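All figures in this text were calculated on a predicted structure; none of them were measured in a lab. Numbered from 1 within each chain, the chains take letters A, B, ... in sequence-line order.
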Amino acid sequence: MKDPETSMPSNFIRNIIEEDLKTNRHQGRVATRFPPEPNGYLHIGHAKSICLNFGLAADYNGTCNLRFDDTNPSKEDTEYVESIETDVRWLGFDWEDRLYYASDYFEKFHEYAVDLIKASKAYVCSLSPDQIREYRGTLTEPGKNSPFRNRSVEENLALFERMRAGEIDEGACVLRAKIDMASANLNLRDPVIFRIKHEAHHRTGSRWCIYPMYDYAHCISDALEGITHSICTLEFEDHRPLYDWCLDQLNVPCHPQQIEFARLNLSYTIMSKRKLLKLVQSGLVNGWDDPRMPTISGMRRRGYTPVSIRNFCERIGVAKRDSVVDLALLEYCVREDLNKIAPRVMAVLNPLRVVIENYPEDRVEMLDAVNNPEDPSMGIRQVPFSRVLFIEQDDFMEDPPKKYFRLAPGQEVRLRYAYYITCVNVIKNEAGDIVELRCVYDPESRGGTTADGRKVRGTLHWVSARHSISAEVRLYDRLFNRENPDAGGADFTEHLNPRSLEVLTECRMEPSLGAVEPGSRYQFERLGYFCAEPVEFSKDRPVFNRTVTLKDSWARIAQKG
RNA sequence: UGGGGCGUCGUCAAGCGGUAAGACACAGGAUUUUGGUUCCUGCAUCCGGAGGUUCGAAUCCUCCCGCCCCAGCCA
């Protein structure tokens, strides 16, 4: 996928751009834009578009604008524009001074509409919404001309002026482009380009009561900004003739080329803004930034890094065929980054008390532990060891299967960076639950090795009971238990994974974890990558979110039996 | 049944007439004080199907099949 000379991934959009550059099609410029509608939070699918648009600009020495496509006041809000700016910046992209709003062009849109009317290319149609639909025809039958299609320029101008002045009710009339009611492309059957909405806009307030439609506003916005390559998703392919038609009628600065690519689909995930909104509004998740959400803010809160998301977006490629990317690739990308940068630390999620019988009651040793074996520059730290410890409940089995090389009666294991221990007794309560393990340690094994060089297969993480802090850990898993939550007719909410969040409140951790920065990321050895809860973490109540587990080949072996 | 797209490994995805890249996943093996990481090895005689053109086709032509999108005064 990489071109050996440039080391850039190859895709059809790059091919188009390179061809355009070669033929000097846009005066050798590359100008893209990311044009979100501020009606929801950005998700991983938007990240694909952001990486594409900003990435192309960066690679071809061009520019990428951030433009809010805010032409529908009923759905949009400043809360969303703020979150979008935050998320794009967090992903690592910079629009410099090129922050635009379609609403800044409202006056222009109006002027161009007047031009269209004067050229008899647009008319005010007084059909009702229902009638417009009837007149539009169907997929297989042509539409009929509106009875208002041949109003005079003067009448249209006057009516359009009255629309703008607020003298006409919503729905009573619209401005339509005069194209071809018999076109096989429904988008060309005299599309509405301005509608009346007596509604305040989050930026223009009550200055306007007519608002432009997407097809009309988007192409003009692109042209006004000097965009060369207007990249959008596949469903707009049918709209391209309209995009081109508008620009061809108008005296605009340039004519950008629209290029469509397939939007991202991810297994076990939904990407529709409407459905994500439903999850939020119904309380099925805790807001747009719930760590289970595929939103940028949710992933940030979950512990994902910008680097990992950018790498993911590069690896999935760009093409025109509908596809569903395996969630495993996303997880691979976070692990890859976190493996390099996350300090290792020991935390016990489900503590099991271990008493080292031959270790002195009052003794405490500070043992050296490596912060990151992948990066020696991250140094070492000291962890306290004492007679009473906690290990993971999963790391002990009274009657272990073959190939289980963790702790079991009579079986020797290594406590990471500490000593070899052997279990000599198992203490249970009346219910038969294991409540404590009695072990003995080998004083000669300090640090985790012995002079005799004997092999110990299992290495466990642990924490000194007396020195550990207690903390809450939120184990996040995929939100849906179906690869395609939308398949099979049933409502997608029926496929929610009931175990997408498990909260553990009795976890015990290395003391240093009590005072870390919210949002900071760690590898809990042998368990996974976790981050200090970005908004709720406090010294009084440490909370960690699991970003992703470590690969667990033991789980695979154990499952096979 | 109209129009617009798309069909290459389980999942993404290069390839643009010269004889199927890469990544993830998966399966083996080596190293390992994380059953993590790393490292080897394997994994499409075949490119939706059938014909045709050609010395030669995933790439060109023809027909067929399948999937996606379009009938908002949403974007």
Side-chain angles (χ1 to χ4, degrees), chain A residues 1-4 9-11 15 35-37 39 69 71-72 74-75 125 127-129 132-134 136-143 170-176 183-189 191-197 211 213-215 217-218 232-241 260 262 267 273-274 314-333 335-336 339-340 344 346 369-370 373-374 403-406 414-418 420 445 447-449 456-461 523-528 549-558:
Chain A
M1 214 165 114
K2 297 261 187 181
D3 178 325
S10 152
N11 66 50
N15 293 344
E37 181 187 15
N39 68 343
D69 211 344
T71 57
N72 184 355
S74 14
K75 292 187 174 179
C125 179
L127 250 22
S128 71
I132 286 186
R133 191 179 335 108
E134 284 163 26
R136 187 157 29 225
T138 69
L139 293 178
T140 51
E141 302 158 44
E170 270 185 44
C173 60
V174 291
L175 185 69
R176 291 228 251 169
S183 173
N185 182 342
L186 300 258
N187 295 117
L188 263 18
R189 319 243 261 226
V192 173
I193 59 179
F194 263 99
R195 79 287 216 183
I196 298 169
K197 273 178 181 280
Y211 294 92
M213 297 290 288
Y214 167 86
D215 289 303
H218 203 91
C232 62
T233 42
L234 252 28
E235 67 273 26
F236 292 104
E237 210 146 20
D238 283 344
H239 296 237
R240 188 171 0 122
E260 311 84 12
S267 58
K273 271 197 202 177
R274 203 200 92 238
E314 186 167 308
R315 282 185 171 117
I316 56 177
V318 180
K320 295 197 68 156
R321 71 182 83 105
D322 291 313
S323 60
V324 182
V325 174
D326 193 340
L327 221 211
L329 180 60
L330 216 210
E331 297 186 334
Y332 170 84
C333 291
R335 291 191 185 107
E336 178 189 43
N339 177 49
K340 286 186 278 199
R344 275 53 284 225
M346 291 196 284
V370 175
E374 304 296 316
K403 289 192 284 191
Y404 181 87
F405 35 87
R406 278 118 98 144
R414 170 168 40 234
L415 292 180
R416 181 140 232 232
Y417 302 125
Y420 292 173
S445 64
T449 52
V456 172
R457 288 301 301 274
T459 299
L460 312 185
H461 61 280
Q523 183 197 99
F524 288 0
E525 292 217 38
R526 303 209 305 132
L527 298 173
T549 61
L550 249 29
K551 265 177 61 181
D552 189 354
S553 50
W554 165 242
R556 193 180 301 280
I557 295 166

Decide yes or no for Asp215(A) and Pro191(A): does some side-chain heavy atom of the first lie under 4.5 Å from some side-chain heavy atom of the second? no

Point-to-point distance, once rounded to the nearest 0.5 Å, from OG1 of Thr549(A) to CD of Glu331(A): 6.5 Å

Produce the list of close N/O pairs, under 3.5 Å, pairing protein atoms with atoms of nucleotides 6-8 of chain B; give distances to one decimal.
{"from": "rU8(B)", "atom 1": "O4", "to": "Arg321(A)", "atom 2": "NH2", "distance (Å)": "3.2"}

Verify the contact: side-chain N or O of Tyr332(A) to OP1 or OP2 of rC24(B), cut-off strictly under 4.0 Å; return yes or no. yes

Given that both distances must come in under 3.5 Å, which nucleotide forms a Watson-Crick or G-U wobble pair with rG18(B)? rC55(B)

If you compare all heavy atoms of Glu37(A) against all heavy atoms of Asp69(A), which two are closest, and at what distance to 0.1 Å? CG-O, 3.4 Å

Nearest-nucleotide pick for Glu37(A), side chain only, options being rG3(B), rC74(B), rA23(B): rC74(B)

Side chain to side chain contact (heavy atoms under 4.5 Å, CB included) assessment of Phe236(A) paired with His218(A): CA-CA 11 Å; Phe236(A) 292 104; His218(A) 203 91; over 6 Å; no

In the structure I gave you, are the side-chain heavy atoms of Arg195(A) and Asn72(A) within less than 4.5 Å of one another anywhere? yes

Give one of base, sugar-phosphate or nothing for Leu127(A), where a contact means two heavy atoms less than 4.0 Å apart. base

When the C1' atoms of rG4(B) and rC43(B) are compared, how many Å lie between them, rounded to an integer? 37 Å

Expressed in angstrom and rounded to an integer, what is the separation of Glu141(A) atom CD from rG3(B) atom C1'? 14 Å

Closer than 4.0 Å, any side-chain N/O of Arg136(A) to the OP1 or OP2 of rC73(B)? yes

Could you verify whether a donor N or O on one side chain and an acceptor N or O on the other, from Thr459(A) and Arg416(A), lie under 3.5 Å apart? no

Report yes if a side-chain nitrogen or oxygen of Ser267(A) is closer than 4.0 Å to either non-bridging phosphate oxygen (OP1 or OP2) of rU11(B); otherwise report no. no

Would you please confirm or rule out a distance under 4.0 Å between OP1 or OP2 of rA75(B) and any side-chain N or O of Thr71(A)? yes

Applying the 3.5 Å cut-off to both distances, the Watson-Crick or G-U partner of rC24(B) turns out to be rG10(B)

Any base atoms under 4.0 Å from Val324(A), or only sugar-phosphate, or nothing? Heavy atoms, all strands. sugar-phosphate

Would you mind reading off the distance between Leu329(A) atom CG and rG10(B) atom P, rounded to a whole angstrom? 17 Å

Syn-anti status, with the boundary at 90° from 0, for the nucleotide rG18(B): anti

If you check the Leu186(A) side chain, which of rC12(B), rG2(B), rU34(B) turns out closest? rG2(B)

Between rG15(B), rU11(B), rC74(B), which nucleotide has the shortest distance from any of its atoms to the side chain of Lys197(A)? rC74(B)

Nearest-angstrom distance, C1' atom, rG29(B) to rG66(B): 41 Å

Closest approach of Thr138(A) and Arg189(A), non-hydrogen atoms and distance? O-NH2, 2.6 Å

Whole-angstrom distance between rU31(B) and rG36(B), as gauged at atom P: 14 Å

Touch check for Val174(A), heavy atoms < 4.0 angstrom, all strands: base, sugar-phosphate only, or nothing? base

Sugar-phosphate only, base, or nothing, as touched by His461(A) at under 4.0 Å among non-hydrogen atoms: nothing

Strand partner of rC46(B), provided both Watson-Crick or wobble distances fall under 3.5 Å: none

Minimum heavy-atom distance Met213(A)-Phe194(A), with the two atoms named: CG-N, 4.3 Å

State whether Asn15(A) places a side-chain N or O below 4.0 Å from either non-bridging phosphate oxygen (OP1 or OP2) of rG15(B). yes

Looking across every strand, which nucleic acid part, if any, lies under 4.0 Å from Phe236(A) by heavy atom: base, sugar-phosphate, or nothing? base

Below the 4.0 Å mark, does rA75(B) have OP1 or OP2 next to a side-chain nitrogen or oxygen of Arg274(A)? no

For rC67(B), give the paired nucleotide (Watson-Crick: N1-N3 plus N6-O4 or O6-N4; G-U: N1-O2 and O6-N3; both under 3.5 Å), or none. rG5(B)

Look for any protein N or O under 3.5 Å of an N or O in nucleotides 35-37 of chain B and output each such pair with its distance, or none.
{"from": "rG35(B)", "atom 1": "OP1", "to": "Arg526(A)", "atom 2": "NH1", "distance (Å)": "3.0"}
{"from": "rG35(B)", "atom 1": "O3'", "to": "Ser553(A)", "atom 2": "OG", "distance (Å)": "3.3"}
{"from": "rG35(B)", "atom 1": "O2'", "to": "Ser553(A)", "atom 2": "OG", "distance (Å)": "2.0"}
{"from": "rG35(B)", "atom 1": "O2'", "to": "Trp554(A)", "atom 2": "N", "distance (Å)": "3.3"}
{"from": "rG35(B)", "atom 1": "N7", "to": "Arg406(A)", "atom 2": "NH1", "distance (Å)": "2.5"}
{"from": "rG35(B)", "atom 1": "O6", "to": "Phe405(A)", "atom 2": "N", "distance (Å)": "3.2"}
{"from": "rG35(B)", "atom 1": "N1", "to": "Lys403(A)", "atom 2": "O", "distance (Å)": "2.7"}
{"from": "rG35(B)", "atom 1": "N2", "to": "Lys403(A)", "atom 2": "O", "distance (Å)": "3.0"}
{"from": "rG36(B)", "atom 1": "OP1", "to": "Ser553(A)", "atom 2": "OG", "distance (Å)": "2.7"}
{"from": "rG36(B)", "atom 1": "N2", "to": "Glu374(A)", "atom 2": "OE2", "distance (Å)": "2.7"}
{"from": "rU37(B)", "atom 1": "O2'", "to": "Asn339(A)", "atom 2": "ND2", "distance (Å)": "3.1"}
{"from": "rU37(B)", "atom 1": "O2'", "to": "Glu374(A)", "atom 2": "OE1", "distance (Å)": "3.1"}
{"from": "rU37(B)", "atom 1": "O2'", "to": "Glu374(A)", "atom 2": "OE2", "distance (Å)": "3.2"}

Between Glu525(A) and Leu139(A), which has a closest nucleotide on RNA chain B that is more 5'? Leu139(A)

Counting any heavy atom closer than 4.0 Å, what does Arg133(A) reach on the DNA or RNA strands: base, sugar-phosphate only, or nothing? sugar-phosphate

What's Ile132(A) touching, base or sugar-phosphate or nothing? Going by heavy atoms closer than 4.0 Å. base

Give me the distance, rounded to whole Å, that separates rG51(B) from rU11(B) when you measure between the P atoms they each carry. 26 Å

Listed partners of Ser323(A) passing side-chain hydrogen bond (donor to acceptor under 3.5 Å, both in side chains), at least two apart: none

Take atom CD1 of Ile316(A) and atom C1' of rA13(B), then tell me their distance rounded to the nearest Å. 11 Å

So what does Thr138(A) touch, heavy atoms closer than 4.0 Å: a base, only the sugar-phosphate, or nothing? base

Would you indicate what Asp238(A) reaches in the nucleic acid, counting non-hydrogen atoms under 4.0 angstrom: base, sugar-phosphate, or nothing? base

Within the 4.5 Å heavy-atom criterion, are Gln523(A) and Leu550(A) side-chain neighbours or not? yes

Taking all heavy atoms of Asn339(A) and all of Arg344(A), pick out the closest pair and write down the distance. O-NH2, 2.5 Å

Considering only the C1' atoms, how many Å lie between rU19(B) and rG5(B), rounded to the nearest integer? 30 Å

pair_partner(rU38(B)), Watson-Crick or wobble, both distances < 3.5 Å, evaluates to rA30(B)

Closest non-hydrogen atom pair between Ser267(A) and Val324(A), with its separation: N-CG1, 3.6 Å

Working to the nearest 0.5 Å, report the span between NE2 of His461(A) and CZ of Arg526(A). 5.5 Å

Work out how far the C1' atom of rC47(B) is from that of rA13(B), and round it to whole angstrom. 13 Å

Using the C1' atom on both, measure rU32(B) against rC26(B) and round to a whole Å. 23 Å

Ranking rG3(B), rU11(B), rG2(B) by distance to the side chain of Asp326(A), first place goes to rU11(B)

Calculate the interatomic distance between Glu260(A) atom CD and rA75(B) atom C1'; express it in whole Å. 15 Å

Please state the C1' separation for the pair rC12(B) and rA44(B) - nearest whole angstrom. 15 Å

